[in-house]
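A short write-up of the structure that comes next.
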Protein chains: 2
Amino acid sequence: MRALNWNGSEFSLDPAYPTPAADDLSSLIRVRLAGICSTDLQILRGYMGFRGVLGHEMVGEVVEGPRELVGKRVVSEINFACGRCESCGIGLGRHCPRRRVMGILGAGGSFAEYVAAPTENLHLVPDGLSDEEAVFTEPLAAAFEILEQVELNFSDEVLVLGDGKLGLLCAQALRLTGARVSAVGKHEKKLAILKKLGIRALPLSDWKPHPCDVVVEATGSTSGLKIAIDAVRPRGTLVLKSTLAHDHSLSLAPVVINEITVVGSRCGPFPPALEALANKSISVTPLIEKVYPLNEGVEAVADAGRSGALKVLLRP
Amino acid sequence: MRALNWNGSEFSLDPAYPTPAADDLSSLIRVRLAGICSTDLQILRGYMGFRGVLGHEMVGEVVEGPRELVGKRVVSEINFACGRCESCGIGLGRHCPRRRVMGILGAGGSFAEYVAAPTENLHLVPDGLSDEEAVFTEPLAAAFEILEQVELNFSDEVLVLGDGKLGLLCAQALRLTGARVSAVGKHEKKLAILKKLGIRALPLSDWKPHPCDVVVEATGSTSGLKIAIDAVRPRGTLVLKSTLAHDHSLSLAPVVINEITVVGSRCGPFPPALEALANKSISVTPLIEKVYPLNEGVEAVADAGRSGALKVLLRP
């Protein structure tokens, strides 16, 4: 099959990559659309030491697997848990220490014609959802993860720092709680997407620092993290949504002095994300920068790495 | 009065420092015993930019104030709140943005013959408590603060990293919950204090890293913080108990990947600390390194700064 392969030094389209095999517990999925995430770009800089087919955002059609799924459109959760350890036993399969992760850790990814995934990881895509919407399920689930971890009240003042893809999804997901959400970023084009949806969004230069109940750090930069720490009110909550692979130089003294709770937040639950997409309470298609054919995947990934780029998709 | 004064460049005994004045809302306290804290040592290195009489741990006798308090032994909470702002209104006076803090921010400290404090900050010392015990109320309250912020279960595995004064108090306070507490440090002498109390305590070199439900960082070092982050199980809790004034260089990626909750923890409630001291469920006198007369305060502070030193006290 055709697949975008990273061998640790070269990232290229392999026209004859071995098609993954499905077994009793897994399904083979023909990828209809895949999304490029910042994590993919970090992996190409060495993060996780991953080698193989990149990609963990996808929507596809089951071609091998249980009869009732074959021919159906699905999205796949990306953490492949062992199902037998203590973490799995308490429902924390996403934290299984023996997990493989699609396109990130020990499992091939979605930048290919086909991808294999444990059948239990698959979720059917409702008919009313286009591929262009369903492909956002994984990053949107990551945004919904915040709501699993932090209890928000109507009266809470929430700040989302960063107007990247994840920031735009987080701002929308958090707004569903009724909390007062503001998003702060650097790109007028992206902030305009939120404004159109009725969400307060403003450039960093116009933002007047004041203490917020909950701050979501989604800039992925050390400077953003510092602004985020300073923006949390005493006893407030800071959600770390960006995985920053490198070391920061920063002081955690304000976290102690102001008794801030910092919540690391990673992958999230697919069902609420699919439901929100299905009932159109979250708008994702304005986040699409461009759709590339898989054959132009190397260029697509370069495009996704441009400052200010929104979601770049690959169609095999 | 005699007082240990820090003018920003020199730390010395002033034999004729102005005695603070009590007003309608505050009391004047003759200091019976004061404790030297790591924060005092940090202030002498520039932390907080404080100038004046150092010291925020004390037990004393009221000499001016409400009639029912005069002649009584008291300890004083160190955050002097405005009582009128939003934080004060919701019971977070310890986070009042206009607060003064005894010996740390805008208010004279306890390394002196007399100290003034808002009368509402004072707590009577029960008769059964010696001065040598009561002087630990403030740091012990900081240890009890963890129990206000984190819910511990019997089955929780708790690790306290650092065998300094605060670590030894935290290990004892957390043990009261029934959780399985281990303390890890570098000083056999200090670890022995916990062992004598039946608390598992071992040198870092003997500690075998494994995921803990709750980790308390009380080393005050960047290396300790890194060990602490790595010791927390996925979805577990890291309590930051040390105020580190300087920048660290570290990666917060494990916080995100393992979805750790980091809780900054500072000053705590005095009543449970006084109660625990009164009913002897916490042992503090083994933590006393030496008691110096106030006149030898400069030497005492130098002694407190020695690696491995326990609690150094000053008697005016």
Side-chain angles (χ1 to χ4, degrees), chain A residues 39 42 47-48 79 86-87 90-97 99 101 104-105 142 145-146 148-150 211 217-218 220 222 225-226 229 232-268, chain B residues 39 42 47-48 79 86-87 90-97 99 101 104-105 142 145-146 148-150 211 217-218 220 222 225-226 229 232-268:
Chain A
T39 303
Q42 286 188 30
Y47 178 60
M48 297 296 290
N79 294 281
E86 202 182 328
S87 292
I90 58 171
L92 287 182
R94 294 201 291 271
H95 289 286
C96 168
R99 72 185 178 275
V101 187
I104 296 177
L105 179 68
E145 176 72 349
I146 301 172
E148 300 272 305
Q149 299 176 287
V150 179
E217 203 302 301
T222 302
L225 183 54
K226 284 181 183 174
I229 290 175
V232 185
R233 71 157 166 82
R235 291 275 184 108
T237 301
L238 169 61
V239 179
L240 297 186
K241 206 58 234 188
S242 316
T243 315
L244 277 157
H246 55 275
D247 279 18
H248 317 271
S249 177
L250 85 164
S251 169
L252 292 176
V255 172
V256 177
I257 293 171
N258 292 326
E259 297 195 311
I260 292 170
T261 296
V262 182
V263 179
S265 180
R266 193 171 46 102
C267 298
Chain B
T39 303
Q42 287 188 28
Y47 178 60
M48 297 296 289
N79 294 282
E86 201 181 328
S87 291
I90 58 170
L92 287 182
R94 293 202 290 271
H95 289 286
C96 167
R99 72 184 178 276
V101 187
I104 296 178
L105 178 68
E145 176 72 349
I146 301 172
E148 300 272 304
Q149 299 176 287
V150 180
E217 203 302 301
T222 303
L225 183 53
K226 285 181 183 176
I229 290 175
V232 185
R233 70 158 167 82
R235 290 275 184 109
T237 301
L238 169 62
V239 179
L240 297 185
K241 206 58 235 186
S242 316
T243 315
L244 278 158
H246 55 274
D247 280 18
H248 317 270
S249 177
L250 85 164
S251 169
L252 292 177
V255 173
V256 177
I257 292 172
N258 292 326
E259 298 195 310
I260 293 170
T261 296
V262 182
V263 179
S265 180
R266 192 171 48 102
C267 299

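Atom OG of residue Ser265(B) and atom CD1 of residue Ile260(A) lie 13.0 Å apart, to the nearest 0.5 angstrom. Leu240(B) contributes atom CG, which lies 10.0 Å from atom OG1 of Thr261(A) (distance to the nearest 0.5 angstrom). The CG atom of Leu252(B) sits 10.0 Å away from atom CD of Glu217(A), with the distance rounded to the nearest 0.5 Å.
Using a cut-off of 4.0 Å between Lys/Arg side-chain N and Asp/Glu carboxylate O, Arg235(A) and Glu145(B) are scored as salt-bridged.
In this structure, chain A has heavy atoms under 4.5 Å from both the backbone and the side chain of Leu250(B). In this structure, the portion of Ser242(B) lying under 4.5 Å from any heavy atom of chain A is its backbone and not its side chain. Only the side chain of Leu225(B) comes within contact range of chain A, with at least one heavy atom under 4.5 Å from a heavy atom of that chain.
Residues passing the salt bridge (Lys or Arg N to Asp or Glu O under 4.0 Å) test with Arg233(B), sequence neighbours excluded: Asp213(B). Scanning for side-chain contact (heavy atoms from CB on, under 4.5 Å) contacts around Glu86(A) gives an empty result, with sequence neighbours left out.
The only member of Leu238(A), Val263(A), Val262(A), Val256(A) that meets side-chain contact (heavy atoms from CB on, under 4.5 Å) when paired with Val262(B) is Val262(A).
Of the possible donor and acceptor atoms, none in the side chain of Arg266(A) sits under 3.5 Å from a partner among the backbone N and O of Glu259(B).
Among Leu92(A), Val255(A), Ile257(A), the residue with the largest count of heavy-atom pairs under 4.5 Å with chain B is Ile257(A).
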